[in-house]
There are 2 protein chains.
Amino acid sequence: MSKPARITTVTTLKDVALAAGVSTKTVSRVVNNDRHVSDNLRQKVLRAIEDLDYRPNLVARHMRTKKTRLIGLVTDEIGTTSFSGNILRGAQEAAWQHGLLLLACHTGGNPETEAHTVDLLLERHVEGIIFATMYHREVCPPESLKNCPAVLLDCFVSDNRYPAVLPDECQGGYQATRHLLQRGRRRIAMINGKRGFPGAEGRAAGYRQALAEAGLPLDESLLVYGDWWQEQGFSQAQSLLQGPERPDAIFCGNDRIAMGVFDALRERNLQVPRDVAVIGFDNMEMIAAHSRPGLTTMALPHHEMGRLAMELLNHHIEGGSSGKGEPLRVPCPLVRREST
Amino acid sequence: MSKPARITTVTTLKDVALAAGVSTKTVSRVVNNDRHVSDNLRQKVLRAIEDLDYRPNLVARHMRTKKTRLIGLVTDEIGTTSFSGNILRGAQEAAWQHGLLLLACHTGGNPETEAHTVDLLLERHVEGIIFATMYHREVCPPESLKNCPAVLLDCFVSDNRYPAVLPDECQGGYQATRHLLQRGRRRIAMINGKRGFPGAEGRAAGYRQALAEAGLPLDESLLVYGDWWQEQGFSQAQSLLQGPERPDAIFCGNDRIAMGVFDALRERNLQVPRDVAVIGFDNMEMIAAHSRPGLTTMALPHHEMGRLAMELLNHHIEGGSSGKGEPLRVPCPLVRREST
DNA sequence: ATCCCGTTTGACATCGATGTCAAAACCAGC
DNA sequence: GCTGGTTTTGACATCGATGTCAAACGGGAT
């Protein structure tokens, strides 16, 4: 009997003001922790808020203040790998620290859907947008993206008109190769992903650089490209292994390729890492952590990238520089397991 | 010169009305496709909207109409597996069809964070909340969840006070076992996940039922429990295989267990599926599609579950029944590969 | 030309909060 | 008790849209 019949009734500032016998403005002050309120009134208001279980209506507040505290996150794909999840986690954690909430949308990579999604987000007056992809590549984001602060995540545009956060593929390739060198390997092959992909090219550049620095001549027959799949890794490894001089280590363009390499080695009764050390890339938990032996690999710092993208965006929103210019490259850490 | 200097200026209804020489209400009517507008004015207004690149401010609209068209999605974990991604995709697709937008938050499973998250969403006046978990289990959602329409997804409460959408584990276990029977197997073992988990118990129930229906006695030594990991699958399979009567098929509580079983079979030079057929559960793409041979498995219908949860919620919001009562169980489809 | 009736149209209030600004209250100090 | 300055307080306008309702309009019928 004490409660109003209509469940949809929500208590507002006005109700609280009435109950506490003060003006709405005073209630507003208390809610916003304004110091210009006497202790006496503050107590009364706080009690009324408690009694009525009042929650401020953020929609109304945002209309007045022009701050929605919403950030849009547009991704091409969500959920096929753990990548997008880690990005989301990193971004959300950073967002929370700044009192921001994330509005995540996936588009399937369709340009029309992307444009539509950005429009939707703009209509809701998000304060900024993170435009993310599932793997490192060049993109052509919708025109309307320029209508609000934006950061590219795991992708870039050639003229750097948006700030971007990318994995440092070259450092990753370099460090992977260095690691093999440090383990005493000298004849290091690389079975890479597909030509032309920033990931593949960057990783190969790092590989070349590490070999050059170590004073090892680059044997071009040891650097082969394929696609990103296990089957290709398997057959490429077969070819490499039947040459006269067997490599003593194989750096794989990703973890799936490494699984194919494992298969090929097993077929020839070669032991990992005794006969051939194997290192992957991407650190796909499902694969790398549960293969036998466990696969040493370079992790993609998706969580950190998500966090950084959000920090960059927040900085811009708070009035700092937009962060435009050379993309921010985030180092890929080595995850050591048993295969090296 | 034609554009205002301040980039932050956004065109509003008023600007359009001024430009078209009509009242704001008329513009509002055009934007909302109200038929009570003469063609003449409608054209003028549309042109002005085009010229000024006007976009309605949804924040303001929602304040007036009380409809935010926002749905909150609270999950314990996002991104460790493809599960949450598929749920998200399914939910978002359904949401879009109803003009709803998804506000996804992950909580790490911490009850305080969960309560806080729900409060945040309520402050933003979401029209409903989907409370989801990464794997099928009982939950204790925050009290405040009752303040808006809510649906549980991949989880449940014992008294069914919220509607819930769950995978039909029992049907899955049943169908997996039926499939092995149809392939001519008679001595079917099950290496299950952990006791007490709804997934493990449901799948075992389906397994029992299928065997009983086929008139096969249940050999209790063939139904073993472990945890959900590859290592346990490996050792459990070893034990099963060294018994006097080797099973001719193994139904695994999940795909990781199946990978351990593969290892154990390989060790004994047993061929899959010739000597022993293997079927998994969960259809973890990363594992099942790329193992050798490819793993036949029961898929968890996460995409469909996400979609259904959203439909249920929308139905409630649109004034239909809440959907409370027995949880909705979504069938798990068989994904046939080479291991059976 | 006038009247009637249905359709368009716009003036004004409203949603729930905060910004502005002036009035009210308070407090010293003389 | 008055004055001047600081602090509290509240009346009112405002954000950008839509709801209400009455006025203006238009087109037949008389």
Side-chain angles (χ1 to χ4, degrees), chain A residues 6 8-46 48-49 52-70 99 120 122-127 147, chain B residues 4 6 8-46 48-49 52-70 99 120 122-127:
Chain A
R6 299 189 44 196
T8 51
T9 299
V10 186
T11 66
T12 72
L13 261 195
K14 223 172 174 171
D15 302 327
V16 176
L18 210 66
V22 300
S23 73
T24 59
K25 185 74 238 236
T26 298
V27 180
S28 169
R29 286 198 180 93
V30 172
V31 171
N32 291 286
N33 266 320
D34 191 314
R35 2 171 251 98
H36 299 292
V37 181
S38 64
D39 279 351
N40 181 14
L41 286 195
R42 166 165 278 128
Q43 292 311 323
K44 270 207 283 194
V45 170
L46 285 176
I49 287 177
L52 300 177
D53 192 25
Y54 165 76
R55 294 163 205 274
N57 178 339
L58 292 198
V59 179
R61 173 182 295 171
H62 296 154
M63 165 142 90
R64 189 75 242 257
T65 61
K66 309 270 124 188
K67 304 204 150 263
T68 55
R69 306 270 74 195
L70 276 175
L120 272 185
L122 289 176
E123 282 183 348
R124 286 178 185 270
H125 285 226
V126 294
E127 297 191 44
N147 291 318
Chain B
R6 299 189 42 196
T8 51
T9 300
V10 186
T11 65
T12 71
L13 260 194
K14 221 171 176 174
D15 302 326
V16 177
L18 211 64
V22 299
S23 74
T24 58
K25 185 74 239 238
T26 299
V27 180
S28 169
R29 286 199 181 93
V30 172
V31 171
N32 290 289
N33 269 318
D34 190 315
R35 1 172 251 96
H36 299 292
V37 181
S38 64
D39 279 352
N40 181 15
L41 285 196
R42 168 164 276 128
Q43 292 310 322
K44 270 208 282 194
V45 169
L46 285 175
I49 287 178
L52 300 177
D53 192 25
Y54 166 75
R55 294 163 206 275
N57 178 340
L58 292 198
V59 179
R61 173 182 295 170
H62 295 153
M63 164 141 93
R64 190 75 240 262
T65 61
K66 307 270 128 189
K67 305 204 147 262
T68 56
R69 307 269 74 196
L70 276 176
L120 272 185
L122 289 176
E123 281 183 348
R124 288 179 185 268
H125 285 225
V126 295
E127 297 190 41

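All values below were derived from every heavy atom in this structure, side-chain atoms included, with hydrogens, water molecules and symmetry-related copies excluded. It should be emphasised that the depicted structure is a prediction, and the values quoted were computed from it without experimental measurement.
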Indicate whether OP1 or OP2 belonging to [N] is found under 4.0 Å from a side-chain N or O atom of [X].
X       : N      : result
A/Thr65 : C/dT18 : no
B/Ser23 : C/dT9  : no
B/Ser38 : C/dT9  : yes
A/Tyr54 : C/dG16 : no

Does the side chain of [Y] come within less than 4.5 Å of [X]'s, by heavy atoms?
X        : Y       : answer
A/Arg124 : B/Arg69 : yes
A/Arg61  : A/Val31 : yes
A/Val27  : A/Val22 : yes
B/Lys66  : A/Val10 : no
A/Leu46  : A/Val30 : yes
B/His125 : B/Leu70 : no

Given [options], identify the nucleotide with an atom nearest to the side chain of [X].
X       : options                : answer
B/Thr12 : D/dG10, D/dA17, C/dA17 : D/dA17
B/Lys25 : D/dG16, D/dT20, D/dG10 : D/dT20
A/Ala60 : C/dA17, C/dT18, C/dG10 : C/dA17

Round to a whole Å and report the spacing from [atom1] of [X] to [atom2] of [N].
X       : N      : atom1 : atom2 : answer
B/Leu13 : C/dG10 : CG    : C1'   : 13 Å
B/Lys44 : C/dT9  : NZ    : C1'   : 12 Å
A/Lys14 : C/dC15 : NZ    : C1'   : 9 Å
A/Arg42 : D/dT7  : CZ    : P     : 15 Å
A/Asp34 : D/dG10 : CG    : C1'   : 13 Å
A/Asn33 : C/dT18 : CG    : P     : 12 Å
A/Asn32 : D/dT9  : CG    : C1'   : 16 Å
A/Asn57 : D/dA17 : CG    : C1'   : 14 Å

If you assign B/His36 and B/Lys66 each to the DNA chain C nucleotide with the nearest heavy atom, which residue ends up on the more 5' nucleotide?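 It is B/His36, whose closest nucleotide lies nearer the 5' terminus.
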Please compare B/Val22 and B/Arg64 by the position of their nearest nucleotide in DNA chain C and report the one closer to 5'.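 Nearer the 5' end of the strand: B/Val22.
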Categorize [X] for me: base, sugar-phosphate, or nothing, with a 4.0 angstrom heavy-atom threshold over every strand shown.
X       : answer
A/Leu41 : sugar-phosphate
B/Val31 : nothing
B/Val37 : sugar-phosphate

With nearest nucleotide decided by heavy atoms, which residue, B/Arg29 or A/Arg35, maps closer to the 5′ end of DNA chain D?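 The residue mapped nearer the 5' terminus is A/Arg35.
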